[in-house]
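Quick note on labels: first sequence line is chain A, next is B, and so on, each numbered from 1.
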2 protein chains.
Amino acid sequence: MPNPPPPPRRVTIPDVARHAGVGQATAARVLGGYGSSSAATRERVLAAAAELGYSTNAVARSMISGRTHTLGVVVADVENAYFARAVRGVTDVAAKAGLHVVLANSDEKGETEKSAVQMFIERRVDGLVVAPAATDHEHLDKAVAAGIPVVLLDRALSGAGLDTVVVDNRGAAKAAVTRFTEAGHTRIAVVTSASPDENATQLAPGADIWTTTERLTGYRQALRAAGIPRGAELIRHTGYDRTWARSAVLELMSSPDRPTALFTTDNVATLGTLDALLDLDAHIPGDVSVIGFDDAEWATLVRPRLSVVSQPVQELGGLAADILVRRINGSTARPRRHTLPTAYVPRESTGPAPARVRPLRAPGE
Amino acid sequence: MPNPPPPPRRVTIPDVARHAGVGQATAARVLGGYGSSSAATRERVLAAAAELGYSTNAVARSMISGRTHTLGVVVADVENAYFARAVRGVTDVAAKAGLHVVLANSDEKGETEKSAVQMFIERRVDGLVVAPAATDHEHLDKAVAAGIPVVLLDRALSGAGLDTVVVDNRGAAKAAVTRFTEAGHTRIAVVTSASPDENATQLAPGADIWTTTERLTGYRQALRAAGIPRGAELIRHTGYDRTWARSAVLELMSSPDRPTALFTTDNVATLGTLDALLDLDAHIPGDVSVIGFDDAEWATLVRPRLSVVSQPVQELGGLAADILVRRINGSTARPRRHTLPTAYVPRESTGPAPARVRPLRAPGE
DNA sequence: CTGTTAGCGCATTCAC
DNA sequence: GTGAATGCGCTAACAG
């Protein structure tokens, strides 16, 4: 098994210096764009460089400067539209600051995230954006200890003392569900891909850091505020699977005292929920009102158009990168939480509670 | 304006060696996991390393090995679902091979792509995946000359002599449009975000490399094969903007001899087209049949469900990474084009040509 | 303004 | 099996 062959040797500064008939340091200065040099020598060096096809070795430069001009980004999954947009926000701001972005997917696995962070530390990234899947932060502390600023994205981590960029998930959810209660709904269900018991998983205590859990809390608060008894809570945990969400809603809506309003805490839950309602031939919002968390390009393509809670995803990523850039440039401001505003986008999937609850046709009938 | 402060000094191998009371080379051997060492010293070194909190400096290592264990990826826009999925495919395969992925967005600008590639060369990435926006390949040739293998993704570049991973856009489009002709449609339009005149833009000749142009060609071939005269071609170039696509289709469908079938060459065109048809209250497929290029999570959520041409996006990315890994490991196989299969996914938006063409209500009426 | 010299942290000879 | 010495390509003093 032959080892990966080493890459070909490339043209270096000494090569250029020789070719230009100048000292190594002189060539380095003009090629590196620092110090000073006469216009004459500069031209000769540049000519020699062009002739030999010289190109900077950023690795060698990084070794000295200690800066790699690289940001590490850990998200659950770039394929997820939310993270794709967030990553775009990060890269845009990063690019403007001359930083590259290295991407890692954690798939919501704490261990994967940790090893990714470890790799990033070893690779000496200049900063780290993490949408945490792990509930502890030792690995992030290590990064900070190594001089790498860390910004949390989308999810907070209590007690981590890190810059954090989030939205008020709880408040946004509460506001959304309050639309339901104000419209007279009392049977309000929530469909979420959140795990029913966070503590049963690898997650540590204090799992209220998770967005969907926060949204669930907001849902509960809205009900409570409306005087709807705790026993009337209708919660369906579906796992991160569209077909499961569909099944859950199918079952949920087959009950005689089925809900008249549905709040979905995430995109997958929303997709599965709409699948089910379509299968049931449910009239929206006549039979049931729906509000989804997170806007989507298709939200205006379904009929009725879907009312949603939207968040400024790209801005979240951009702000995270922005904070990193500032810290890289020496800012020592106390880490804080940045909460960006969400917006409720009313469209057509919400209406008053129906006077009487029509039984819904079972699917496949 | 203070310069970015240098990062703190980190624990190095000499530090560990001193602390463990061994020679530098010995410490390096056990920490680097090469050469041989006695179990006893190994333990002492490891203990010292743990105690001091040593962590490898991948930059220094790269400087010697010449390998950065990094892949550069240039796509138009990660926010685009297609590229997001492709990037995921790349990162998955890359991660398995111990490679990291650096991401750059070209926004379809050749210049942006070129500078990104240049940066990647300077940073000594081990391989490059590029979804080319530029029509020439000098910059890619430079990478190859520097010993960096390059794989083209999604779009071919004639004469570049590079590994290429694509689908048969022309054939897939032709097959899709042939469904229309076989169903008796003769007024078949295509909606595309492709530029009407490639040569008018920054693009060089031979712009038939572009996927949408290829799909357009497939459309034409299908019409010709069905004996539909060239003059009956109905092509709408809309630019990469959903609202423009909507307007174009609104106008298109207001004609008395409007088309009875619509083929959209890309996601944005599809979204805008459906916007328009929904606004027009068009009955699909009674009034007009629709086939879109590229599947989407919402394709089964609209009514009727949208028939599409789907391509194995993630696999495309995965294969690109796979080829790179092989080349990094020394493969010198002749570069070739890998064409992955597409699939026509019939759903509910396609039907026979209507007997008579019902006039469509203007929007806003 | 220019050239000489000394490292950055690690892998790698080569003697011991 | 171990340790001292050398160099990867570049930047940063420091003299000249």
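- Pairs engaging residues 13-41 of chain B under the salt bridge (charged side-chain N to carboxylate O under 4.0 Å, His left out) rule: B:Arg9-B:Asp15, B:Asp15-B:Arg18 [sequence neighbours left out].
- As judged by a 4.0 angstrom heavy-atom cut-off over every strand, A:Val22 is placed among residues touching the sugar-phosphate backbone only.
- If you measure from atom CZ of B:Arg123 to atom P of D:dG9, you get 18 Å, rounded to the nearest angstrom.
- Comparing the end axes of the helix from C:dC1-D:dG16 to C:dC16-D:dG1, each fitted to five base pairs by superposing C1' atoms of four pairs onto the next four, gives an inter-axis angle of 40° (nearest 10 degrees).
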Exercise for the section: May I have the step-by-step check of side chain to side chain donor-acceptor pair (under 3.5 Å) for B:Thr112 and B:Asp107, ending in yes or no? Expected result: CA-CA 8 Å; B:Thr112 307; B:Asp107 285 317; over 6 Å; no

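- Rounding to the nearest 0.5 Å gives a distance of 4.0 Å between CG of A:Asp77 and CZ of B:Arg88.
- Listed in residue order, the members of residues 31-44 of chain B having a heavy atom less than 4.0 Å from DNA chain D are B:Ser36, B:Ser37, B:Ser38, B:Thr41.
- Atoms CG and OG1, from A:Asn105 and B:Thr91 in turn, are 4.5 Å apart once rounded to the nearest 0.5 Å.
- Every side chain to side chain contact (heavy atoms under 4.5 Å, CB included) that B:Arg42 has, sequence neighbours left out, goes to B:Val30, B:Ser37, B:Leu46.
- Pairs passing the salt bridge (charged side-chain N to carboxylate O under 4.0 Å, His left out) check and including a residue from residues 44-68 of chain B, sequence neighbours excluded, read B:Arg67-B:Asp126.
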Pick out the pairs of N or O atoms, protein on one side and nucleotides 4-8 of chain C on the other, that lie under 3.5 Å.
none

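- The side-chain contact (heavy atoms from CB on, under 4.5 Å) test with B:Val129 is passed by exactly one of B:Leu324, B:Val165, B:Leu152: B:Leu324.
- To the nearest 0.5 angstrom, B:Arg124 atom CZ is 9.5 Å from B:Thr68 atom OG1.
- Across the protein-nucleic acid pair, A:Ile13 atom CD1 and D:dA12 atom C1' stand 12 Å apart, rounded to whole Å.
- Taking atom CG of A:Leu52 as the reference point, atom P of D:dG9 lies 14 Å away to the nearest angstrom.
- The nearest whole Å value for the distance from the CD atom in B:Glu122 to the P atom in D:dT11 is 11 Å.
- No option in B:Thr26, B:Thr56, B:Val45 other than B:Val45 meets the side-chain contact (heavy atoms from CB on, under 4.5 Å) test with B:Leu31.
- With no hydrogens or angles considered, no side-chain donor-acceptor pair links A:His139 and A:Gln118 at under 3.5 Å.
- Under 4.0 angstrom from either OP1 or OP2 of D:dG9 there lies no side-chain N or O belonging to A:Arg61.
- Between B:Ile13 and B:Tyr54, the closest side-chain pair of non-hydrogen atoms falls below 4.5 Å.
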